K.L.:
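Please see the structure below; I have some questions.
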2 protein chains.
Amino acid sequence: MIQLLAKVPGLGPRSARRAALHLIKKKEQLLIPLAAALDDAVDKVGVCTTCGNVDSSDPCTVCTDPRRDGKTIIVVEDVADLWALERAGTMSALYHVLGGTLSPLDGIGPDDLTIDQLVNRVADGGIKELIIAVNATVEGQTTAHYITDRLEGLDVRITRLAHGVPVGGELDYLDEGTLAAALKARTDF
Amino acid sequence: MIQLLAKVPGLGPRSARRAALHLIKKKEQLLIPLAAALDDAVDKVGVCTTCGNVDSSDPCTVCTDPRRDGKTIIVVEDVADLWALERAGTMSALYHVLGGTLSPLDGIGPDDLTIDQLVNRVADGGIKELIIAVNATVEGQTTAHYITDRLEGLDVRITRLAHGVPVGGELDYLDEGTLAAALKARTDF
């Protein structure tokens, strides 16, 4: 149990021992409910075949939510990014999880991501806008350009997240690239 | 000397003692040149009466640089922000240093900042665009709105830095406000 706990992100060998001891001491309040929750996850949680979200139903609750704007798809790298955008709570749209970014050095090509499925979803029609919300890293931007190339000829508006100063950000602590992007993309007050 | 060094930002009482000892040990290489540089700064460095930059000449070298675009003023809170934007090196414009932000709680009103001088610079004519590059904090944005109100009626385009994802930023680590701003201000790919 300790060896497996040590593989959980955020825990190391030392904290895994502490966690195991704590779980055993709090058997009724923590160990039994946690074991049941893990069993439950084994049985129920899976990946949505439409968007790649993890959920207990397939298609997931995001894909089947009738109150969402079904004409917009937000493309993200990872489920964690989907959750982050849901926390922001500004757009009620559909998602598409790529499962990573293109990275020739790590041997990750287009076939390892869900780009074909995305192209099919758009080609099926009904999608008006695709918001590419990948990370502002080199790999993310490469992937964004690849997706844009693949969707050429399809009747869909492709947008991307704005680059600029984060909310609460102080100029003195920002990198030059961000300042240059924020100056370039300045908006009328 | 140690007591004064301890008042320098980045040094505390302990590191001031270490710094003093190091200076004395390296008298020829460090102490004498540093003392001369400080004397020089006392004599020469002052605040530019036009823009508020610190420089050894008044008007400063930024204000008098003939290669700069004299029709654009970038309004910043502090000289540190001016330096940050100069490091980014994308715009070759003039600056105006406010000397802080409006903060009623700290008793900082419009008269404590160089807002009157800014309005005069714009009213004198020749300025086509004012880029308000204050920090993305509450105080910064309040100051930006106050400046915009004060400039009403004058023929100048007022813009502000774009808000969004910083370059290299990963969505999962960004706050909800930034993600919401980046989604709202999304641009066509």
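Keep in mind the model is a prediction, meaning the values are calculated, not measured. Below, read A as the first sequence line, B as the second, and so on, with proteins coming before strands; counting in each chain starts at 1.
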K.L.:
Considering only heavy atoms and a distance below 4.5 Å, find which of Arg160(B), Glu129(B), Glu170(B), Lys184(B) pairs most often with chain A.
P.N.:
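With the most close heavy-atom pairs to chain A, the winner is Arg160(B).
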K.L.:
Contact between Leu161(B) and Leu183(A) at the side-chain level, heavy atoms closer than 4.5 Å - yes or no?
P.N.:
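When only atoms from C-beta onward are counted, Leu183(A) and Leu161(B) do touch, with a gap below 4.5 Å.
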K.L.:
Please tell me whether Leu21(B) and Ile2(B) are part of a single hydrophobic cluster in this structure, the criterion being side-chain heavy atoms less than 4.5 Å apart.
P.N.:
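No; Ile2(B) is not reachable from Leu21(B) via cluster members.
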K.L.:
Taking only heavy atoms into account, what residues of residues 56-91 of chain A are found under 4.5 Å from chain B?
P.N.:
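Listed by number, the contacting residues are Ile74(A), Ala80(A), Asp81(A), Ala84(A), Leu85(A), Arg87(A), Ala88(A), Thr90(A), Met91(A).
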K.L.:
So which residue, Ala181(A), Gly168(A), Gly177(A), Ala185(A), ends up with the most heavy-atom pairs under 4.5 Å with chain B?
P.N.:
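Highest number of pairs under 4.5 Å: Gly168(A).
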K.L.:
Under 6.0 Å from the CG atom of Asp155(A), do we count more than 12 heavy atoms belonging to anything else shown?
P.N.:
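Result for CG/Asp155(A): open.
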K.L.:
With clusters defined by side-chain heavy atoms of hydrophobic residues (ILVMFWY) lying less than 4.5 Å apart, directly or transitively, does Leu118(A) cluster with Val47(A)?
P.N.:
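As far as the 4.5 Å side-chain criterion goes, Leu118(A) and Val47(A) are not connected within one cluster.
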K.L.:
If you draw a 6.0 Å radius around CZ in Arg18(A), do more than 12 non-hydrogen atoms from other residues or ligands fall strictly inside?
P.N.:
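At most 12 heavy atoms, drawn from other residues, nucleotides or ligands, come within 6.0 Å of this atom.
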K.L.:
Using a 6.0 Å cut-off, check whether atom CD of Glu152(A) has over 12 heavy atoms from anything other than its own residue.
P.N.:
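12 or below, so no.
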K.L.:
Is there a path of hydrophobic side-chain contacts, each under 4.5 Å between heavy atoms of I, L, V, M, F, W or Y residues, that connects Val97(B) with Ile115(B)?
P.N.:
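Each belongs to a different hydrophobic cluster.
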K.L.:
Counting only heavy atoms not in Gln3(B), do more than 12 fall under 6.0 Å of its CD?
P.N.:
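Open.
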K.L.:
Flag yes if Leu38(B) and Leu23(B) sit in one hydrophobic cluster, no otherwise; membership is Ile, Leu, Val, Met, Phe, Trp, Tyr, and two members link when side-chain heavy atoms are under 4.5 Å apart.
P.N.:
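Cluster IDs for Leu38(B) and Leu23(B) match.
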K.L.:
Find the one option among Ala180(B), Gly140(B), Gly164(B), Ala144(B) whose heavy-atom pairs under 4.5 Å with chain A are most numerous.
P.N.:
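Greatest number of close heavy-atom pairs with chain A: Gly164(B).
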K.L.:
Between Asp175(A), Val165(A), Thr137(A), which residue shows the highest count of heavy-atom pairs closer than 4.5 Å to chain B?
P.N.:
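With the most close heavy-atom pairs to chain B, the winner is Val165(A).
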K.L.:
Is there a chain of hydrophobic side chains (I, L, V, M, F, W, Y, each step under 4.5 Å between heavy atoms) that links Leu31(B) to Val8(B)?
P.N.:
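Result: yes, single cluster for both.
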K.L.:
Which one, Ile131(A), Thr187(A), Leu179(A), leads in non-hydrogen pairs under 4.5 Å with chain B?
P.N.:
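Winner by heavy-atom pair count: Thr187(A).
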K.L.:
Any chance you could measure His163(B), atom NE2, to Arg186(A), atom CZ, to the nearest 0.5 Å?
P.N.:
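The CZ atom of Arg186(A) is 14.0 Å from NE2 of His163(B), to the nearest 0.5 Å.
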K.L.:
Looking at Leu174(B), Leu171(B), Asp172(B), which one has more heavy-atom pairs under 4.5 Å with chain A than the rest?
P.N.:
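Between Leu174(B), Leu171(B), Asp172(B), the count favours Leu171(B).
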